[in-house]
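These notes are about the structure you will find just below.
Just so it is clear: chains get the letters A, B, ... in the order the sequence lines come, proteins before strands, and each one is counted from 1. Just so it is clear, the model here is predicted, and its values are computed rather than measured.
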Amino acid sequence: MVRLGSSWQLLSLAFTFRTSEFRNRVPAYQIPSIPRSIPIDPLPKSSMSVPSLSEGALLKICQGDNVDKPILQVLGLKKLANQNSSSDRYRVFVSDGQYSNSFSMLATQMNDKIINGSLVNFCLIRANNYVCNKSDNRKVIILYDVDVLTQPGQVSSTIGEPTTLNPDGTVNSTNAKKPASVKRAAESDVGPPMAKRSPLTTPNGNQSAPKSSILDPRPVYSSSGAGSFDPSQVSVHPIASLTPYQNKWTIKARVTHKSDIRRWNNSRGEGHLFSMDLLDESGEIRATAFKEQCDKYYNVVEVGKLYYVTSCSLKAANKQYSTLNNEYEMTFRDSTEVIPCNEDASNIPTITFNFVKIKDLAAASKDSVVDVMGICKEALDATTLTSQRTQKEFTKRDIRLVDNSCNEVNLTLWGQTAETFDGANNPVVVVKNCKVSDYNGVSLSALSSSVIQINPDMPQAHSLKGWFESEGQSAQTQSLTQLGARGGADGSIGSNLKTLGEVKIENLGMSSEGKPEFYSTSAYIVMLQKDRALYKACNRVNDGKACNKKVVDQGNDQYRCEKCNSQLDGFTWRIVLSFSIADSTDNTWVTCFQEQAETILNKTAEELGALYDQDQDGYNKVFQAATFKHYDLRLSCKAEHYNDEQKVRHTVRSVVPINYDDYKQRLIKDLESAGIEIPDKLSKGSYL
DNA sequence: CCCCCCCC
């Protein structure tokens, strides 16, 4: 009964389909899942009657005709091998009673109908929304929205004797039935007027399709004919159907994001590029234009507008750098064209937001990507910094957002966005795709993929503005971003709280190349390196900043600083302290500098230098006294190379004597979450 | 062919 050829597997390899879920940008409180109980589609009142199939619909669809809501029978379902996709995909064998087609796919948002048992073999469906896509030489029908018209078991056999369509959507002359009933596209009375045929646009010959009058493929726009673009000649493909294996296609999509032009210069060469995000009914994809294409199209493309885009190269998207819901990304090539589209755009979605209330950011996991809307309560000035890591200069600006959850959060803007931001008159700021960071508690950081809108004309924005003007600006609010809230500069125990054993097991600091990772811990100092703890430093002040680089003692009260390239009469003592910290799980050697070292040794660098010169015994006692003290520490760690060997260096960023109230509360919580009951005699209540 | 998103 169900005819499953070996091509099932082939198709599953060539075909990819993505869900409309936004993967990789799912905070902890928003876990996508398939609902467990889904109501079965409402049935017609006369539930025992079986509607007629739309005979011939599948052939028409494969020829490009638009058949309105055809009624089809499901003859088979096959779950495809899950290729790292977040959701199962089903291939459907469908029949219209006259023809059957084994190259149909069920959009994943329809999966619930299979899971709840309503979409079963032999059932009848109405395809409310579908597309027919040409993938290589195959016609693939994607069923976006179907209603199941029969109850399970109501129909238990194949209706009619359908002829299987060829993979390319054609039918062989020997088994073609009732061809007269199949109208030519141009004569069709359903759907929009179709394009005229041209012999030049039938590229694939008719080897497998002798009955050419019926079986000619639809005209396909050829980008080789410069300036020949005619939207009416074009078969528009859904973004979700694009794969690297197709050469010629056109999408009709809205630009939801456009990056600045960025320049690069590395070992592989130099150049410049911009990228944009494209959205249609079926999905989204990022497109990048390099060099000539960047110059050609940067000014053509406007955010929010619709374009036909043709013939880019597709390659696997690097999910590390994109939160877009697509396995692929596009690269412009010479033959790519981007043509503004002024047609009706009602079916092309506009950018959508999935706003998270500021209050709820406290529960969002670090590095998740969220959309936020808030009133800009304050905008600090833009400042210029130099990255320690890359030595590149960049601009940043912190702004403070508040919403009607009466919570505030800092959002950091970067680069051009930071420079041009205008926070005057408390604008509504909408930001799509910003990163949740644990800096100073909870804060937000814009990404290059962030879309920022100021005072957008949206109902929620107007209502937020109204709230702020009427009550918000004088309301009692609380900020999630504050020093010390979670791992702040005051050293209070903070976010990313780890035991030393966890830090090692998790290889903290090893993953992100050269970029420090921060963590907090409570530990004892068990051993200090007292030799080489001091160095003589350059005391020159340049631009208000001390040089502090190590100087060479010339022996005649003269010191040489290579950094400043100068001879000095004096120096200042500075401390670089190495010590080992331990908790019940492990121990770690860490480094700390001047300020934190002075806290730990309870001496200033100058005092310690004097002891070093004049009182060896006193110097040693300073280190003895510092041993076996218990601290709350904030550390950063990153991998560094020491001749071929990779080691993680841990640096103390802040240190305060342990807060035992906090510490015992954490221990009690840990014990309880491990399922251990706290005996009553410990009067837990007094601790919590 | 980029892939930086920086601050502690």
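With hydrogens and angles ignored, no donor-acceptor pair closer than 3.5 Å exists between the side chain of A:Lys396 and the base of B:dC6. The base of B:dC3 is paired with the side chain of A:Glu329 by a donor and an acceptor separated by under 3.5 Å.
Whole-Å rounding puts the A:Asp367 CG to B:dC3 P distance at 19 Å. Atom CG in A:Asp438 sits about 11 Å away from atom P in B:dC6, given to the nearest Å. To the nearest angstrom, P of B:dC3 lies 8 Å from CH2 of A:Trp264. In this entry the distance linking CZ of A:Arg262 with P of B:dC6 reads 14 Å, nearest Å.
Among the heavy atoms of the strands, none lies under 4.0 Å from A:Ser636.
In terms of position on DNA chain B, the residue among A:Leu273 and A:Gly415 whose nearest nucleotide sits closer to the 5' end is A:Leu273.
Under 4.0 angstrom from either OP1 or OP2 of B:dC5 there lies no side-chain N or O belonging to A:Trp414. The phosphate of B:dC7 (OP1 or OP2) has no side-chain N or O of A:Thr412 nearer than 4.0 angstrom. Regarding contacts with the backbone of B:dC2, a side-chain N or O of A:Asn266 is found under 4.0 angstrom from either OP1 or OP2. Distances shorter than 4.0 Å separate none of the side-chain N or O atoms of A:Lys435 from OP1 or OP2 on B:dC5. Regarding contacts with the backbone of B:dC2, a side-chain N or O of A:Arg268 is found under 4.0 angstrom from either OP1 or OP2.
Listed candidates were B:dC4, B:dC7, B:dC3. Nearest to the side chain of A:Leu385 is B:dC7.
Remark: ring of A:Tyr321 stacked against base of B:dC3; centroid gap under 5.5 Å, plane tilt under 30°. Per the stacking criterion (ring centres < 5.5 Å, plane angle < 30°), A:Phe518 stacks onto the base of B:dC8. The aromatic ring of A:Phe394 sits over the base of B:dC6, with ring centres less than 5.5 Å apart and planes tilted by under 30°.
Remark: A:Lys359 pairs with A:Ser405, A:Asn407 by the side chain to side chain contact (heavy atoms under 4.5 Å, CB included) rule, at least two apart or across chains. A:Arg400 meets the side chain to side chain donor-acceptor pair (under 3.5 Å) test with A:Glu378, A:Glu408; sequence neighbours excluded.
Put simply, the side chain of A:Lys432 does not reach to within 4.5 Å of the side chain of A:Asn354, judged on heavy atoms.
Ring geometry for A:Phe353 versus A:Phe355: interplanar angle under 30°, hence parallel rather than tilted (30 to 60°). Using the six-membered ring where Trp is involved, A:His630 and A:Tyr524 have ring planes that are parallel, under 30° apart on the 30 and 60° scheme.
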